[in-house]
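All remarks here apply to the structure that follows.
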Number of protein chains: 2
Amino acid sequence: MTEDEKSYKTKKVITIGIVSELTGLSERQIRYYEERQLIFPDRSQRGTRKYSFGDVETLMDIANQMEDGVRTFEIRQEMKKKPDEEKLKRSMIKGQLNARFGIQNKFK
Amino acid sequence: MTEDEKSYKTKKVITIGIVSELTGLSERQIRYYEERQLIFPDRSQRGTRKYSFGDVETLMDIANQMEDGVRTFEIRQEMKKKPDEEKLKRSMIKGQLNARFGIQNKFK
DNA sequence: CGTGTAAGGAATTCTGACACG
DNA sequence: CGTGTAAGGAATTCTGACACG
């Protein structure tokens, strides 16, 4: 990924109306998740919220968890552990490795 | 580049006010370049213009050319020849190959 | 707890036009 | 030709609150 492509994902340039269209969430929900510290938009000079594509992805992930009955408090807890998808993937692989080799270690 | 990263560059989600901040161009200028067929934003249901990061880059390129005294008509002509940077790069490489091997071919 | 809604204000965007040149 | 500006309307966004639960 080039520097430009990286900034495309993290640069906060999308207004709440478009984020609402993109995620299917109401503006009320999006603002509430911010209040609960699950998402952190920038503000334009005047005060309008601005989101990145990364924020949009986070919101879609939040939406899925809410559907499963997870509460905002719990989602925030998880966010602290897994700041991003990459880390999640790595930890999942690590988990598999532990499950596979952890037992063998007993025979060491 | 993943599919997601690709869409980050081409997905039209940025409003004209933010494009103005990003490019340093006035909204008047941005709308005028559209009128001159140099840029093609999408429209929201209500009619608001929406731009992609790719559009923002194109606009910055246009800004540079305007500074050099190039007119919108001429810029449009160039755009037809080089639809995007990738194609430009490929054609430049091809040009080098021709310059290097085109002559040798005479000895074949 | 999570989300809908009505409320009023402030900022945004849109179009067509006049201006200068 | 390229861009600034004033004009009026329509849609957007913001906050704090009441509601249900």
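Just so we're clear, the structure is a prediction, and the values are computed from it rather than from any experiment. Just so you know, these numbers use all the heavy atoms, side chains as well, and skip hydrogens, waters and symmetry mates.
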Exercise. At their closest point, which heavy atom of B:S20 faces which heavy atom of B:L25, and how far apart are they?
Worked result: OG-O, 2.6 Å
Exercise. Separation of A:Q29 atom CD from D:dT13 atom C1', in whole Å?
Worked result: 17 Å
Exercise. What about B:R46: does its side chain form a donor-acceptor pair under 3.5 Å with the base of C:dT13?
Worked result: yes
Exercise. Taking the side chain of B:S26 as its heavy atoms from C-beta onward, which of D:dG2, D:dT13, D:dG4 lies nearest to it?
Worked result: D:dG4
Problem set entry | C:dG2 OP1/OP2 closer than 4.0 Å to side-chain N/O of A:Y32 | yes
Exercise. Across the strands shown, which category fits B:S44 at heavy-atom distances under 4.0 angstrom: base, sugar-phosphate, nothing?
Worked result: nothing
Exercise. With nearest nucleotides of DNA chain D determined for A:I18 and A:R28 from heavy-atom distances, which residue corresponds to the more 5′ nucleotide?
Worked result: A:I18
Exercise. Does D:dC14 have a Watson-Crick or wobble mate here (both distances under 3.5 Å), and if so which one?
Worked result: C:dG8
For this session: Indicate, yes or no, whether a donor-acceptor pair under 3.5 Å links the base of C:dT15 to the side chain of B:R31.
Result: no
Exercise. Nearest to the side chain of B:R43, which nucleotide is it out of C:dT15, D:dT13, C:dT13?
Worked result: C:dT15
For this session: Over all heavy atoms of both residues, which pair between B:M66 and B:I75 is shortest? Give the atoms and the distance, please.
Result: SD-CD1, 3.7 Å
Exercise. Atom CD of A:E34 and atom C1' of C:dG2: how far apart are they, to the nearest Å?
Worked result: 16 Å
Problem set entry | More than 12 heavy atoms of other groups within 6.0 Å of A:F40 CZ | yes
Exercise. Under the 3.5 Å rule, do the base of C:dT13 and the side chain of B:R49 count as making a donor-acceptor pair?
Worked result: no
For this session: Give, for atom OG1 of B:T72 and atom CD of B:Q29, the distance between the pair rounded to the nearest 0.5 Å.
Result: 12.0 Å
Exercise. Between B:Y33 and A:G47, which has a closest nucleotide on DNA chain D that is more 5'?
Worked result: B:Y33
For this session: Determine which nucleotide pairs with D:dT3, using a 3.5 Å limit on both distances of a Watson-Crick or G-U wobble pair.
Result: C:dA19
Exercise. Rounded to the nearest 0.5 Å, how far apart are CG of B:D61 and CG of B:L38?
Worked result: 10.5 Å
For this session: Name the nucleic acid region contacted by B:R71, choosing base, sugar-phosphate or nothing; use a 4.0 angstrom heavy-atom cut-off, strictly under.
Result: sugar-phosphate
